[in-house]
Structures are given as structure tokens and as C-alpha cells.
**Student:** 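Here's a structure for you.
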Amino acid sequence: MSENPVDMRDGATIGAKKLLAHAAAEESRAFHTLMIAIEDFFLPEESRLDERTRSALTTLLRGMIETVEAEVRAHAIRLLSARNEPDLAAALKADAHPIMARLMRSGILRDTELMTELMARVRQELLGAALPMQAPDDPERPSLINRYVQHPDRVLAAGAMAVMIAESRRHGSPDTGQLSQTDLPAELHHKLVWWVAAALRERAAAVAGNAIDALDQALTEAAQRSLAAYDEGDRLEAAALRFASAVDAQPSELAQLLVESLGDRRIVLFTSLLAHALGVGYPMARDMVLDPRGDRLWVALRALECPREAIAQIGYALSESDPRRDLESFADRLDEIAAIATDDARAALAPLRLHPDYRAALLALDRSGGEG
């Protein structure tokens with residue numbers, strides 16, 4: 001019998017270690033998946049994202065990331081090509097796994113402020129799209145925003161036009177489906193740009209070698225260029241708030257403007273008119289509008305002296321467009337809501353007018369439990 005001069009024991013040991021490591025990793029993944037499934041199972045039904053919201057949230061997040069990625073990557077490629085770094089430029093240009101998938105795996109997108117903004121924006125968009133169309137009393141009368149575009153007051157006309165432009169920008173190109181910008185608050189846009197730049201760096205780092213500094217420099221400049229070009233004031237919410245401020249609706253005309261903005265399916269304009277009239281920030285007013293119970297909204301409308309008929313029209317429109325709302329329950333409560341005294345409503349809303357950071361600190365202290 002011939003002897004095999006090659007000792008395979010080390011190779012077998014290495015192979016076995018790899019298999020065991022893979023098995024351990026798979027076991028860890030399976031456990032993680034199980035924990036997520038268990039957590040999902042025990043979520044109360046009202047806390048679950050419905051499929052429509054989940055799909056819209058995914059589409060919005062992907063669109064934002066792809067918009068930022070396209071801008072940062074394109075400029076970084078131009079810089080690297082001009083600086084005689086063709087290999088790095090090619091590495092950034094090459095198709096690879098989507099940046100979104102990498103950011104999702106990292107967990108970095110579980111940012112509370114980002115996801116709060118995105119979920120609110122998605123729910124706002126879905127609510128606005130589902131609002132029932134209301135035929136005007138006069139078929140030849142232009143919609144609310146179009147009337148203001150034609151207004152002789154140049155400030156009002158310019159404000160209305162800015163809202164229409166921002167609406168168009170928000171929804172992006174119907175042909176490509178790509179957004180023209182993230183339309184996020186500046187701080188959140190800032191985070192997203194740097195996350196994308198870091199993910200692009202990771203993608204190209206394998207071929208960078210000694211040229212990693214050149215890659216970092218190009219991506220940094222590209223990210224800073226994107227940030228410099230971004231103007232938070234161009235956001236739809238900002239344009240709508242400026243317009244609401246220019247209109248400065250008085251109590252005698254506010255209710256009709258609110259009803260008409262919903263009839264035009266302009267939920268951002270409705271929310272902005274509400275925010276300006278109440279003297280609160282847009283996020284606070286948006287929370288009121290999106291809350292399916294609507295308690296704060298009804299109190300706010302009474303604080304603004306909205307009559308029963310206007311509240312009924314607003315409640316009907318919101319109930320028809322949001323499956324979480326109960327129209328019959330609202331109808332049963334309408335007399336009770338309309339009977340709320342204006343002064344009582346204003347007093348009840350006083351805590352909501354506190355400085356947002358101060359109010360957030362008070363809420364955080366309250367949620368922490370215990371007393372000093």
C-alpha cells in the first residue's frame with residue numbers, strides 16, 4: 001500500500017472550521033429573523049403599517065437615496081476623471097448592489113427623526129391623494145391656488161406660484177419616477193448625503209489601494225457640493241407656509257379656505273393654513289391632521305372659530321380618505337365638538353404652542369417616569 005505524502009488533516013480542519021462558522025452565522029441570522037417575526041406577531045393591529053403605506057414608504061426612501069446617490073456619484077466621477085484616477089472613476093461608475101440595500105443592512109436608516117419625517121410624509125401624501133374631489137359651486141371658478149396665482153397682489157401671486165412649483169418638484173418626473181431633490185428638512189438631507197457618500201466609498205475602496213485619499217477627497221467634495229446646492233426653503237411645506245403667512249386668513253375667511261384646500265386635494269396647503277392660524281410649527285399641525293382620532297384637530301378648529309358646517313365638511317373629507325377613521329363615530333361626536341367654547345379650546349391648546357424643543361423635553365421627562 002502506498003502512503004499519501006500529503007497531509008490533508010490541516011485542510012480538513014480549516015474546512016470544518018469554515019463550515020462551523022457558517023453554521024453559527026446562519027443560526028444567528030435565523031434567531032434574529034425569529035425575533036423580528038415574534039415582535040411583528042405581537043404588534044397591535046393599529047400599530048402595523050398597512051401594505052399601501054409600507055410600499056409607499058419603500059418607494060419614497062428608495063427615490064431619495066437614488067436621487068442623492070446619482071448626484072454625489074456623478075460629480076465624484078467627474079472629479080476623479082479630471083484628476084487622472086480612471087480606475088476609481090470606473091469603480092464608482094460600475095453597477096453594483098444598490099446603495100439602499102447596504103444602508104438598510106447597516107441599520108443606519110433606523111434613524112428616528114428620518115423615519116418620523118418619512119412616515120408622516122407618506123401618510124400625508126396618501127391622505128391627500130385619497131381626498132374626495134369636490135365640485136365647486138361655480139364650475140367656471142378656478143381652484144383656490146389658481147385664483148391666488150392670478151391675484152393682483154404680487155406677493156400672494158408669487159407665493160401661490162411657488163406652491164405650485166414646489167408641488168411639481170415634490171412629485172418628480174412622471175416619466176422616470178426620479179425625484180428632483182429629497183425635499184427633506186436640511187438636517188435630515190445632510191445626514192442622508194453623508195450616508196450615501198460613505199456607502200459609495202465602501203463600494204470603491206477595494207480597488208482604491210494607495211489612492212484611497214483621492215477617493216475620499218472626491219466624495220467629500222461631491223457631498224459638500226450637493227449640500228451647498230440644497231435649499232430647505234424650496235420644500236413644498238416651506239413654500240406653503242410662506243403662502244399661508246402671506247394670505248394671513250382672518251377668522252371670517254379661514255374656515256372656507258380650509259374647506260376649499262381639502263376640496264382641491266391640497267393637504268399640505270390645508271395643514272399650512274392650519275399651522276399659521278394656530279401659531280404652531282408645520283410638524284405639529286401635520287400630526288393633528290394625520291391623527292385618526294382627530295381630537296386635537298377638532299379642538300384646534302374650534303379655537304379658530306370654525307363653525308359646525310365647516311368642521312363637518314373637514315371631518316367628512318378626512319374620514320372618506322383615511323380608512324383608519326370612523327365616519328359614523330365622527331358624526332356622533334359632531335354636536336359635542338361644535339359645542340366646545342372657543343376660549344376653552346384656546347386654553348386647551350396652550351401647551352401645544354410651547355417652543356418645540358421645550359415641549360419635547362417636557363414630554364421626554366414625563367415619559368421617563370418617576371420624580372426627583
Side-chain angles (χ1 to χ4, degrees), residues 120-121 123-174 179-181 183-185 231-290 297 300-301 303-307 309-318 320-321:
R121 179 158 147 187
R123 288 188 168 127
Q124 174 181 268
E125 293 289 330
L126 292 175
L127 181 64
L131 284 168
M133 291 293 290
Q134 295 181 12
D137 296 333
D138 180 0
E140 296 184 1
R141 189 186 191 202
S143 67
L144 172 63
I145 204 73
N146 285 322
R147 290 203 311 276
Y148 275 101
V149 167
Q150 301 166 16
H151 202 284
D153 185 322
R154 288 185 299 173
V155 174
L156 290 174
M161 181 58 71
V163 171
M164 294 184 72
I165 293 171
E167 284 177 338
S168 176
R169 187 188 300 116
R170 165 67 59 89
H171 297 112
S173 168
L179 304 175
S180 59
Q181 63 179 36
D183 233 21
L184 285 169
D231 185 353
E232 186 178 27
D234 289 339
R235 298 179 65 226
L236 174 55
E237 290 81 0
L241 280 173
R242 288 196 300 271
F243 174 66
S245 177
V247 172
D248 195 21
Q250 300 305 300
S252 60
E253 56 188 351
L254 177 62
Q256 180 57 34
L257 292 177
L258 289 171
V259 169
E260 198 171 350
S261 61
L262 285 186
D264 291 343
R265 303 171 84 178
R266 284 191 156 94
I267 192 69
V268 175
L269 180 55
F270 173 87
T271 307
S272 297
L273 289 167
L274 180 68
H276 175 74
L278 290 173
V280 301
Y282 187 90
M284 172 61 70
R286 182 176 60 189
D287 287 347
M288 291 182 185
V289 175
L290 296 180
L297 178 59
L301 292 177
L304 297 173
E305 303 179 28
C306 286
E309 182 182 358
I311 295 174
Q313 290 177 284
I314 292 168
Y316 171 77
L318 294 177
E320 284 291 289
S321 58

**Student:** Would you compute the distance between atom CZ of Arg266 and atom CG of Leu236 and round it to the nearest 0.5 angstrom?
**Tutor:**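 So the CZ of Arg266 and the CG of Leu236 are separated by 9.5 Å.
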**Student:** What's the spacing between Asp234 CG and Arg169 CZ if we round to 0.5 Å?
**Tutor:**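 Here the interatomic distance stands at 4.5 Å.
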**Student:** Using every non-hydrogen atom in the two residues, find where Ala239 and Val163 come nearest and quote the distance to one decimal.
**Tutor:**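 In this case the closest contact between Ala239 and Val163 is O-CG2, 3.7 Å.
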**Student:** Which value, rounded to the nearest 0.5 Å, describes the distance between Leu144 atom CG and Asp264 atom CG?
**Tutor:**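 Going from the CG atom of Leu144 to the CG atom of Asp264 covers 6.0 Å.
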**Student:** Where the side chain of Gln250 meets the backbone of Asp248, is there a donor-acceptor pair that is under 3.5 Å apart?
**Tutor:**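 Yes: the side chain of Gln250 pairs with the backbone of Asp248.
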**Student:** Taking the side chain as C-beta and beyond, is there a heavy-atom pair between Leu297 and Leu318 under 4.5 Å?
**Tutor:**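 Result yes, sub-4.5 Å side-chain heavy-atom pair found.
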**Student:** In chain order, what residues pass the side-chain contact (heavy atoms from CB on, under 4.5 Å) check against Gln256, with sequence neighbours excluded?
**Tutor:**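 Per chain and number, Gln256 pairs via side-chain contact (heavy atoms from CB on, under 4.5 Å) with Glu260.
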**Student:** With the side chain counted from C-beta on, respond yes when Met284 and Leu278 share a heavy-atom pair under 4.5 Å apart, and no when they do not.
**Tutor:**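 The answer is no; the side chains never approach within 4.5 Å.
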**Student:** Between Met288 and Ala300, what is the shortest heavy-atom contact and its length?
**Tutor:**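 Residues Met288 and Ala300, closest heavy atoms: SD-CB, 4.0 Å.
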**Student:** CD1 of Ile314 to CG of Leu258: how many Å apart, nearest 0.5 Å?
**Tutor:**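 Separation between the atoms: 5.0 Å.
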**Student:** Give me the atom names and distance for the closest heavy-atom approach of Ala240 to Leu269.
**Tutor:**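 Shortest heavy-atom separation between Ala240 and Leu269 comes out as CB-CA, 4.5 Å.
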**Student:** Heavy atoms, side chains only, cut-off 4.5 Å: are Glu125 and His171 in contact?
**Tutor:**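 When only atoms from C-beta onward are counted, His171 and Glu125 do touch, with a gap below 4.5 Å.
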**Student:** With a 4.5 Å cut-off on side-chain heavy atoms, are Tyr148 and Asp153 touching?
**Tutor:**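 With C-beta onward as the side chain, the pair stays apart.
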**Student:** For the CD atom on Glu309, are there more than 12 heavy atoms of other groups (residues, nucleotides or ligands in this structure) within a distance under 6.0 Å?
**Tutor:**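 12 or below, so no.
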**Student:** How long is the span from the CZ atom in Arg170 to the CG atom in Leu179, to the nearest 0.5 Å?
**Tutor:**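 With rounding to 0.5 Å, CZ (Arg170) is 9.5 Å from CG (Leu179).
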**Student:** Is there a side-chain contact between Leu301 and Leu274, using heavy atoms and a 4.5 Å cut-off?
**Tutor:**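 Yes, side chains in contact.
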**Student:** Set out, in order, the CA-CA distance, both residues' side-chain angles and the distance that settles side-chain contact (heavy atoms from CB on, under 4.5 Å) for His276 and Val247, then state yes or no.
**Tutor:** CA-CA 10 Å; His276 175 74; Val247 172; over 6 Å; no
**Student:** Tell me the closest heavy-atom pair linking Arg121 and Arg286, and the distance in Å.
**Tutor:**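 Between these two residues, the closest heavy atoms are N-NH1, 4.5 Å.
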**Student:** Tell me, do Glu232 and Pro185 make a side-chain contact under 4.5 Å, heavy atoms counted?
**Tutor:**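 The answer is yes; the side chains approach within 4.5 Å.
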**Student:** CD of Gln313 to SG of Cys306: how many Å apart, nearest 0.5 Å?
**Tutor:**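 Output value for this atom pair is 10.5 Å.
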**Student:** Run the side-chain contact (heavy atoms from CB on, under 4.5 Å) check on Met164 and Asn146 step by step: do they pass?
**Tutor:** CA-CA 9 Å; Met164 294 184 72; Asn146 285 322; 3.5 Å; yes
**Student:** Indicate yes or no: at least one non-hydrogen side-chain atom of Ser245 is less than 4.5 angstrom from one of Leu241.
**Tutor:**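 A side-chain contact under 4.5 Å is absent here.
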**Student:** Which heavy atom in Tyr282 sits nearest to a heavy atom in Ser272, and how many Å separate them?
**Tutor:**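 In terms of heavy atoms, the two residues are closest at CE1-OG, 3.4 Å.
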**Student:** So which heavy atom on Gly233 is nearest to which on Arg242, and how close?
**Tutor:**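 Smallest interatomic distance, heavy atoms only, reads O-NH1, 2.9 Å.
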